[in-house]
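What follows is a set of notes on a single structure, which appears directly below.
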There are 2 protein chains.
Amino acid sequence: MKRIADSTVRRLSVYLRYLEELTNRGLSTTSSDELAQHSGTTPAQVRKDLSFFGSFGRRGLGYSVAELATRIQDILGLGHEWRVVIIGAGKIGSALSTYRGFKQRGFTVVGVYDKDPLKSGKRWDGHVVRDVETLEADAAALMPDIAVLAIPAEGVQGEVDRIVRAGIKAILNFAPGRLHVPPGVTLKTVNMAMELEGLSFALTNRD
Amino acid sequence: MKRIADSTVRRLSVYLRYLEELTNRGLSTTSSDELAQHSGTTPAQVRKDLSFFGSFGRRGLGYSVAELATRIQDILGLGHEWRVVIIGAGKIGSALSTYRGFKQRGFTVVGVYDKDPLKSGKRWDGHVVRDVETLEADAAALMPDIAVLAIPAEGVQGEVDRIVRAGIKAILNFAPGRLHVPPGVTLKTVNMAMELEGLSFALTNRD
DNA sequence: CAGTGTGAAGCACTTCACAGCC
DNA sequence: GGCTGTGAAGTGCTTCACACTG
């Protein structure tokens with residue numbers, strides 16, 4: 001398949017969310033115009049994004065809400081459950097795992113790990129925290145697909161390496177700093193400091 | 001000033017973090033090559049990014065770590081304190097406000113608000129939670145620069161409107177969905193669901 | 001006639017390559 | 001000789017515009 005831009009994938013997420021809203025409101029068709037309006041983009045962009053994957057609409061009529069939602073779910077791989085381990089039994093991981101949309105979209109927490117021996121064995125959002133040293137051994141039974149890395153900055157690369165050794169192919173990272181993963185492993189970093197600094201820049205340089 | 005790409009600002013953040021590391025290690029000069037290596041980009045990109053704001057290096061020698069760090073801090077507007085209010089006394093806001101780099105880079109929490117009357121008056125990370133209805137009245141005295149919006153999906157736009165009425169010009173939003181702000185107000189959204197779906201797509205469509 | 005699908009044009013960010021200075 | 005600063009070339013995402021179809 002042709003390489004798909006990251007921005008395209010992000011917009012598909014947004015379209016899907018709006019399609020779910022339309023479903024809840026009992027509406028059965030929509031248009032690229034309407035999707036664009038509610039997703040902060042243009043009708044041409046919506047059509048182009050969808051055209052990478054096929055033709056899901058009908059000329060003169062628009063798109064079937066139900067069909068398009070199913071198609072986008074398939075494209076994004078949301079048709080089945082993804083098994084997630086959380087590394088770092090802190091607030092960020094907890095916020096994520098208790099977030100409604102998390103479970104709702106097929107992401108299931110199958111394990112929680114921490115380096116701190118004081119946290120090991122304690123309950124945390126319905127899970128028992130395990131020592132992160134056991135991750136590689138546990139992985140065979142847990143079969144996790146995704147690791148959420150929510151630990152302080154120190155030693156993040158070491159934890160990334162451990163996750164990779166455990167055979168996990170996707171990482172959502174909340175720690176700052178440059179991290180290296182081998183080819184075949186996808187790493188996405190959410191850097192809140194960077195976002196705040198972007199706001200600082202905007203405030204400083206506004207006209 | 002010429003319009004600066006968002007991606008440029010984000011990279012400046014990364015360069016600054018590495019410059020701080022060099023400072024801690026007592027090193028006084030660096031090069032575009034070294035900065036690129038540790039920031040996941042190319043030397044040409046580093047030089048181009050910096051060239052938008054001036055010439056901070058010396059040909060044949062490289063950059064002074066101390067000088068470049070100061071320059072980037074100035075560019076990003078990190079030279080002074082930014083006053084932050086947190087809307088939503090939950091886990092995300094708490095994770096952010098207790099994050100070390102937050103205070104360290106000049107972001108200070110000056111108020112915490114929640115819609116839930118059960119939370120009002122309670123202590124939260126050293127602050128007393130106030131009813132969000134009082135935000136507009138409080139703003140005159142608090143003089144907040146930035147609002148962090150960390151509430152569930154329902155009624156987010158209403159809170160954005162309130163923040164705008166309170167005269168705040170920058171919003172860091174953690175709620176999903178499309179939000180509208182008037183010109184002159186900067187909105188940055190961190191959407192964890194979207195990041196997870198990006199991972200799901202990558203796992204589904206890997207070769 | 002309304003609205004999709006898509007090649008072509010436009011635009012913006014990145015990379016190249018080299019002149020210029022230390 | 002080493003490394004920056006920068007116009008020019010390259011690349012890839014976005015927007016346009018229109019043929020096409022229900």
Side-chain angles (χ1 to χ4, degrees), chain A residues 1-15 18-19 22 27-72 75 178 194 198 201 205, chain B residues 1-15 18-19 22 27-72 75 178 194 198 201 205:
Chain A
M1 189 203 297
K2 197 180 163 305
R3 176 176 154 65
I4 303 298
D6 217 67
S7 47
T8 296
V9 177
R10 299 172 72 89
R11 281 190 299 268
L12 289 178
S13 271
V14 179
Y15 304 155
Y18 182 62
L19 289 168
L22 290 179
L27 296 165
S28 64
T29 60
T30 185
S31 65
S32 61
D33 226 323
E34 190 183 357
L35 281 165
Q37 205 92 51
H38 290 84
S39 308
T41 183
T42 62
Q45 183 73 78
V46 172
R47 297 200 300 276
K48 180 67 83 179
D49 285 340
L50 297 175
S51 78
F52 291 132
F53 304 98
S55 327
F56 310 137
R58 258 157 276 180
R59 295 171 195 234
L61 294 177
Y63 301 89
S64 151
V65 169
E67 189 198 333
L68 188 56
T70 305
R71 294 306 197 101
I72 294 180
I75 292 165
R178 202 77 212 168
M194 197 180 285
F201 177 82
N205 298 279
Chain B
M1 191 202 298
K2 196 180 164 303
R3 171 172 160 69
I4 303 298
D6 217 66
S7 47
T8 295
V9 178
R10 300 173 73 88
R11 281 191 300 267
L12 289 178
S13 270
V14 180
Y15 304 154
Y18 182 61
L19 289 168
L22 289 179
L27 296 165
S28 63
T29 59
T30 185
S31 66
S32 60
D33 226 324
E34 190 183 357
L35 280 165
Q37 206 91 52
H38 290 83
S39 308
T41 183
T42 62
Q45 183 72 78
V46 172
R47 297 200 299 275
K48 180 68 82 180
D49 285 341
L50 297 175
S51 78
F52 291 132
F53 304 98
S55 328
F56 309 137
R58 257 158 279 180
R59 295 170 196 234
L61 295 176
Y63 301 90
S64 150
V65 169
E67 189 197 331
L68 188 56
T70 305
R71 294 307 197 101
I72 294 180
I75 293 165
R178 202 77 212 169
M194 195 179 285
F201 176 82
N205 298 280

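Chain A is the first sequence line, chain B the second, and so forth, proteins listed ahead of strands; every chain is numbered from 1.
- Within 4.0 Å (heavy atoms only), Ser7(A) reaches sugar-phosphate atoms of the nucleic acid but no base atom.
- The separation between Leu35(B) atom CG and dC3(D) atom P is 13 Å, rounded to whole Å.
- The CE atom of Met194(A) sits 5.5 Å away from atom CZ of Arg10(B), with the distance rounded to the nearest 0.5 Å.
- Atom CZ in Phe56(A) sits about 11 Å away from atom P in dT6(C), given to the nearest Å.
- In this structure, Phe201(B) and Ile75(A) approach most closely via the heavy-atom pair CD1-O, 3.3 Å.
- The distance from atom CG of Asp33(B) to atom P of dT15(C) is 14 Å, rounded to the nearest whole Å.
- To the nearest 0.5 angstrom, Leu68(B) atom CG is 5.0 Å from Leu19(B) atom CG.
- With distances taken from any side-chain atom of Lys48(B) to the nucleotides dC18(C), dA8(C), dA8(D), the minimum falls on dA8(D).
- Between Asp49(A) atom CG and dT4(C) atom C1' the separation is 14 Å, expressed in whole Å.
- Thr8(B) comes within contact range of no nucleotide atom at all, as no heavy-atom separation falls under 4.0 Å.
- An OP1 or OP2 oxygen of dC13(D) is reached within less than 4.0 angstrom by no side-chain nitrogen or oxygen of Gln45(A).
- Taking atom CD on Gln37(A) and atom P on dG3(C), their separation rounds to 13 Å, with Å as the unit.
- With hydrogens and angles ignored, a donor-acceptor pair under 3.5 angstrom links the side chain of Arg59(A) to the base of dT4(C).
- Per the geometry, CZ belonging to Arg10(A) stands 15 Å off C1' belonging to dC13(D), to the nearest Å.
- Remark: Ser31(A) is not in phosphate contact with dG3(C), judged by side-chain N or O atoms under 4.0 Å from OP1 or OP2.
- Atom-to-atom, CZ of Phe53(B) to C1' of dT6(D) comes out at 16 Å; the value is rounded to the nearest Å.
- Contact annotation for Arg58(A): backbone-only contact, meaning every heavy-atom pair under 4.0 Å involves sugar-phosphate atoms and none involves a base.
- Following rounding to the nearest Å, Arg47(B) (CZ) and dG20(C) (C1') show an atom-to-atom distance of 13 Å.
- Scanning all heavy atoms of the two residues, the minimum distance from Pro43(B) to Asp33(B) falls at CG-OD1, 3.6 Å.
- Positionally, the nearest nucleotide of DNA chain D for Ala44(B) lies more toward the 5' end than for the other of Leu61(A) and Ala44(B).
- Two residues are said to be in side-chain contact when any heavy atoms from C-beta on lie closer than 4.5 Å; Asp49(B) and Tyr15(B) meet this criterion.
- Each of Gly60(A) and Thr41(A) was assigned the nucleotide of DNA chain D with the nearest heavy atom; the assignment lying further toward the 5' end belongs to Thr41(A).
- Listed pair Tyr63(B) / dG5(D) meets the phosphate criterion, a side-chain N or O lying under 4.0 Å from OP1 or OP2.
- A close approach under 4.0 Å does occur between a side-chain nitrogen or oxygen of Ser32(B) and OP1 or OP2 of dT4(D).
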